[in-house]
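Below is one structure, written out as structure tokens; the observations come after it.
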Amino acid sequence: MKILLISGHGAGDPGASTKLGVEADEAIYMVKKIKEALTGYATVTLYPTERNAYKDIQNKSLKVDFNDYDYVLEVHFNAAVGDIKGNGKTIGTEIYVTIAEKTVGVEYKILEQLSKQGLKNRGVKRKNYTVISKAKAAGTSSALLETCFIDDADDMKIYSEKKDEMCKGIANAIITQFKLKKTTVKDNTIKKGDTVCIKSGAVYGGLAKTRGKKVPDSVLKKKYQVQKVETHKNVKEALLGGINSWVAVKYLNK
């Protein structure tokens, strides 16, 4: 699954700002942490955090093709209450989808995760905000998350204390709803004792006169055991038994 995460505002637009926080900065923090939590479960792309997706759409300079993704999540923070000192009550979290969106299961799960951290659940709402509308028009399900109210001391106290848990919760909601499975990355590190083959196009390494000369095709068809792994002239190389020659590890397959 391919997911695009967008941090709201940026590129000179801070969004809602109070002494409790700056929306653009906190949105960047969140998308980076959400991506980290989704590692291994999906292919996750961050829209360039130094840019502003809304402005890019307005200027016809969008840096992605929404059609390349299966889900788009845009992260924002709300502002409207001006409760900088706090009154002991959380205003809460809400999420928007377009009026064209047919299913909202993942959005409900995201809000459930955030409400578990203490934020009031304000529900899933519908409004054709520019970025998510553009994504939906391309055929990709999308949502705009208003994490909490950046001008409410009670919301921001919860957020500041539990922001990492919130990001993990959002990732877990996505993982659960889309039934994603974590994949194991194969360890391709070449080490002593490994059995390897040499890729086409390889050249000899080491410090002898043969360095830089092409490895013959006849040698590529055989298997070799790695005797040593060392760095020569800033290149990591392996000494291969049988031919007693060094070859850069980038040319080797286990």
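All residue numbers in this chain count up from 1 along the given sequence.
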Problem set entry | Same apolar cluster (I L V M F W Y, side chains within < 4.5 Å links), I28/I6 | no
Exercise. Taking C-beta and beyond as the side chain, do L145 and E74 meet within less than 4.5 Å on heavy atoms?
Worked result: no
Problem set entry | Basic-acidic side-chain contact under 4.0 Å: E101, K136 | yes
For this session: Assess the side chains of D164 and Y29: does a donor N or O sit below 3.5 Å from an acceptor N or O?
Result: yes
For this session: State yes or no: are the ring centers of Y129 and Y54 separated by less than 6.0 Å?
Result: no
Problem set entry | Within 6.0 angstrom of K127 NZ, more than 12 heavy atoms from elsewhere | no
Problem set entry | Backbone N/O of A11 and side chain of N52: donor-acceptor pair under 3.5 Å | no
Problem set entry | Cation over ring face, K63 and Y47, 6.0 Å, 45° | no
Exercise. Are D194 and K191 ion-paired here, with the side-chain N under 4.0 Å from a carboxylate O?
Worked result: yes
Exercise. Taking atom NZ of K55 as the centre, does the number of heavy atoms from other residues, nucleotides or ligands within less than 6.0 Å exceed 12?
Worked result: yes
Exercise. Should E237 and R211 count as an ion pair when the cut-off is N to O under 4.0 Å?
Worked result: yes
Exercise. Backbone N or O of T98 within a donor-acceptor pair of the N128 side chain at under 3.5 Å?
Worked result: no
For this session: Quick one: closest heavy-atom pair of Q58 and T130, and the distance?
Result: NE2-CG2, 3.7 Å
For this session: Would you please test H9 and E23 for side-chain hydrogen bond (donor to acceptor under 3.5 Å, both in side chains) and show each step?
Result: CA-CA 8 Å; H9 302 281; E23 181 178 9; 3.2 Å; yes
Exercise. Side chain of Q177, backbone of I175: donor and acceptor closer than 3.5 Å?
Worked result: no
Exercise. Just one of N121, D154, D152, D155 clears the side-chain hydrogen bond (donor to acceptor under 3.5 Å, both in side chains) bar with T90, so which one?
Worked result: D155
Problem set entry | Y251 six-ring face occupied by K199 cation (under 6.0 Å, within 45°) | no
Exercise. Can E112 and K116 be counted as an ion pair, charged N to O under 4.0 angstrom?
Worked result: no
Exercise. So, D83 side chain and N87 main chain: donor-acceptor pair closer than 3.5 Å or not?
Worked result: yes
Seminar exercise, completed: Looking only at heavy atoms, the pair that brings T176 and K109 closest together is CG2-CE, 3.9 Å
Exercise. Quick check: does any side chain N or O of S245 sit under 3.5 Å from a backbone N or O of I243, one acting as donor and the other as acceptor?
Worked result: yes
Problem set entry | Exercise: identify the closest heavy-atom pair between E107 and S142 | OE2-O, 4.4 Å
Problem set entry | Passing candidate, side-chain contact (heavy atoms from CB on, under 4.5 Å) with L119, options M166, Q113, K162 | M166
Exercise. Judged by atom type as modelled, is there a donor-acceptor pair below 3.5 Å linking the side chain of T18 to the main-chain atoms of L20?
Worked result: yes
For this session: Please indicate whether K120 has more than 12 foreign heavy atoms, meaning atoms of other residues, nucleotides or ligands, lying under 6.0 Å from its NZ.
Result: no
For this session: Please confirm whether the backbone N or O of H76 pairs with a side-chain atom of T147, one donor and one acceptor, at under 3.5 Å?
Result: yes
Problem set entry | Cluster check M1, I34: I/L/V/M/F/W/Y, side chain < 4.5 angstrom | yes
For this session: Return yes if some donor-acceptor pair links the side-chain N/O of T183 with the main-chain N/O of G40 below 3.5 Å, else return no.
Result: yes
For this session: Examine distances only and state if a side-chain atom of T195 and a backbone atom of Q225 form a donor-acceptor pair shorter than 3.5 Å.
Result: no
For this session: Check whether any side-chain N or O of Y224 sits under 3.5 Å from a backbone N or O of V219 as a donor-acceptor pair, and report yes or no.
Result: yes
Seminar exercise, completed: Shortest non-hydrogen pair, L144 vs I132, comes out as N-CG2, 3.8 Å
For this session: Answer yes when D56 and R51 have at least one side-chain N-carboxylate O distance shorter than 4.0 Å, and no when they do not.
Result: yes
Exercise. Under 4.5 Å between side-chain heavy atoms, hopping through other hydrophobics if needed: is there a path connecting L239 to Y204?
Worked result: no
Exercise. Is it the case that more than 12 heavy atoms not belonging to K228 sit under 6.0 Å from its NZ atom?
Worked result: no
Exercise. What about V235 and V247, same hydrophobic cluster or not, with Ile/Leu/Val/Met/Phe/Trp/Tyr joined at side-chain heavy-atom distances under 4.5 Å?
Worked result: no
Problem set entry | Taking every non-hydrogen atom, the tightest pair across A79 and A16 | CB-CB, 3.6 Å
For this session: Give the intermediate values and the outcome of side-chain hydrogen bond (donor to acceptor under 3.5 Å, both in side chains) for residues Y159 and E161.
Result: CA-CA 5 Å; Y159 169 75; E161 293 176 352; over 6 Å; no
Exercise. Taking the six-membered ring for Trp, are F149 and F77 ring centroids under 6.0 Å apart?
Worked result: no
For this session: Flag the pair E26 and K163 as a salt bridge only when some basic side-chain nitrogen lies within less than 4.0 angstrom of an acidic carboxylate oxygen.
Result: yes
Exercise. According to a 4.5 Å side-chain heavy-atom criterion applied to Ile, Leu, Val, Met, Phe, Trp and Tyr, with indirect links allowed, do Y96 and V75 form part of one hydrophobic cluster?
Worked result: no
